[in-house]
Number of protein chains: 2
Amino acid sequence: MSARIRPTEPRPYHHGDLRRTLIEIALQVVTEEQDWTFSLREVARRAGVSHRAPYNHFADKLDLLAAVAAVGFERLRDGLLRAMSGIDESEAILVAICTTYVRLGLGNPALYRLMFGPALSATGTEDRPPLVRSAGAEARGVLEDVILRGARAGVFDVSPDDPRGLALAALAVWSGTHGLTMLVIDRISRPDLTVDEMIERLLRMVLGGVRRARPEAAMRGKAKAGK
Amino acid sequence: MSARIRPTEPRPYHHGDLRRTLIEIALQVVTEEQDWTFSLREVARRAGVSHRAPYNHFADKLDLLAAVAAVGFERLRDGLLRAMSGIDESEAILVAICTTYVRLGLGNPALYRLMFGPALSATGTEDRPPLVRSAGAEARGVLEDVILRGARAGVFDVSPDDPRGLALAALAVWSGTHGLTMLVIDRISRPDLTVDEMIERLLRMVLGGVRRARPEAAMRGKAKAGK
DNA sequence: ACCTGAACACCGTTCAAGT
DNA sequence: ACCTGAACACCGTTCAAGT
């Protein structure tokens, strides 16, 4: 990568990059075992280092958890970007990324679970770790961009100049997608449909709330639900 | 239940009902500490019994967790029933129970978290504990009944004779409500609105997908999205 | 700078007894 | 039937050293 000026690189004790190794092993344990409650000691064991070694790279277990979650969010973002590449129509993009979102979640439930929750769920932590926050924000950004694009194209019933409305629309879509993923992962809901059928039909329903219902009526003046 | 023939009831060692006591204490710890990762030993400590005593009433920690989650679902069901009592219009009921649902979740995030997930999230358990399943099903039943009622009244765009369609509609609404609750609990999304405003506006959006858009077009023949 | 190994204060769970 | 207390195999985290 960069020019190696120093000959005979110092080479730390055992690993070239223990930090990365630990993250990868943790990711592997989560994926294989489908259990995000791995122990720090086990990860160290698999890496062939003492149980103390991880503390040279992570402040505590939660810090490693956060790093793993961040990788999960990066993968999610990349997956969404890949899914929408080549599609032009805004609603088609929305369907594509939501479908991909659910599929990715169901593809690795333990990782998805790790990403959403435990990193801060244990204690009443004030906020999520910065690493997780930024990675999650990037993934969310993909969705928000699509909403904004659709709003500009007049496909969605929200003004591109109304940041709050845009954020709410994105939150609505995300809530439905996230909630569906969670309910299915938790085996709380298991309809007798294939996953794909379910995703397809549900997304059509949920997205219906955002999709402009009667184009002619939405031209101007948002009809306030009378009360 | 049965006639007590024996006088001078034996009275167990310390408690009249240790099982119930343990559940209540666990509930208290979760609520006060806002941390569902309590230790079995701490619960026993608070109850004034040895750390072994709980095993006379619960198979393992997960069994106690399940009992606590079941109480949570019962409270949820009762809250939803109370929220919809006295309302006649189907959509108004739907808004009322969804609003109440989110409020209850946000009111005790740790308990909500406990209910959805960890009881089975740790290991790749095949299914949730029966106790949790039935209690959860009852809470879900409240929502499904409302959907069915609305379908019969012709308020929702689904046939009352189509069980699959009804289940999907319920799943769509539940996904949105559950997902919103989770995202807010996890502090992943925190729009600059009051919780009530957010709930109000979001529900209107999400429910829009289920609400019949153009009554005249929905009379017969579900327009299949061409492809 | 990065690692080891012993140590501490906790866990969940089980065994062998007690009444 | 229900409880106690010791014991086992684990944790996360820290201390005192090693190179």
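In this text, all values refer to a predicted model and were calculated from it rather than measured experimentally. Letters A, B, ... are given to chains in the order of the sequence lines, protein chains preceding strands, and every chain is numbered from 1.
Using the Watson-Crick or G-U wobble rule with both distances under 3.5 Å, dC2(D) pairs with dG18(C). Across all strands shown, nothing is found opposite dA9(C) as a Watson-Crick or G-U wobble partner with both distances under 3.5 Å.
If you check dT13(C), dC3(C), dT13(D) against the side chain of His57(A), the one that comes closest is dC3(C). Which of dC11(D), dT4(C), dT13(D) sits closest to the side chain of Leu40(A) comes down to dT13(D). With dC11(D), dT13(C), dC3(D) as the candidates, the nucleotide lying closest to the side chain of Asp60(B) is dT13(C). Distances were taken from every side-chain heavy atom of Val49(B) (C-beta onward) to each of dT4(D), dC11(D), dC11(C); the shortest belongs to dT4(D).
Nucleic acid contact for His51(B): base, since at least one base atom lies under 4.0 Å from a heavy atom of the residue.
Distance, Asp63(A) CG to dG12(D) C1': 14 Å, rounded to whole Å. Following rounding to the nearest Å, Leu64(A) (CG) and dC11(D) (P) show an atom-to-atom distance of 14 Å. Whole-Å rounding puts the Tyr55(A) OH to dA16(D) P distance at 17 Å. Atom pair Arg41(B):CZ and dC11(D):P shows a separation of 16 Å (rounding to whole Å applied). Between Lys61(A) atom NZ and dG12(D) atom P there is a gap of 5 Å when expressed in whole angstrom units. One atom, CG of Leu65(A), and another, C1' of dG12(D), lie 13 Å apart when rounded to the nearest Å. Spacing between atom CZ of Arg45(B) and atom P of dA9(C) amounts to 14 Å, rounded to whole angstrom units. Rounding to whole angstrom units, CZ of residue Arg19(B) and P of dA1(D) are separated by 17 Å.
Ion pairing between Arg46(B) and Glu33(B) holds under the 4.0 Å rule for side-chain N and carboxylate O.
In terms of phosphate contacts, Ser50(B) brings no side-chain nitrogen or oxygen within less than 4.0 Å of OP1 or OP2 of dC3(D).
Side chains of Leu18(A) and Asn56(A) form no contact here, defined as non-hydrogen atoms less than 4.5 Å apart. Residues Pro54(B) and Val43(B) form no side-chain contact, since every pair of their non-hydrogen atoms from C-beta on lies 4.5 Å or further apart.
Checking Arg52(B) against Glu42(A), the closest nucleotide of DNA chain D that is more toward the 5' end is the one next to Arg52(B).
Between His178(A) and Tyr112(A), the ring planes lie tilted relative to each other; the angle falls in the 30° to 60° range.
Residues Phe73(B) and Ala139(B) come closest through the heavy atom pair O-CB, 4.1 Å.
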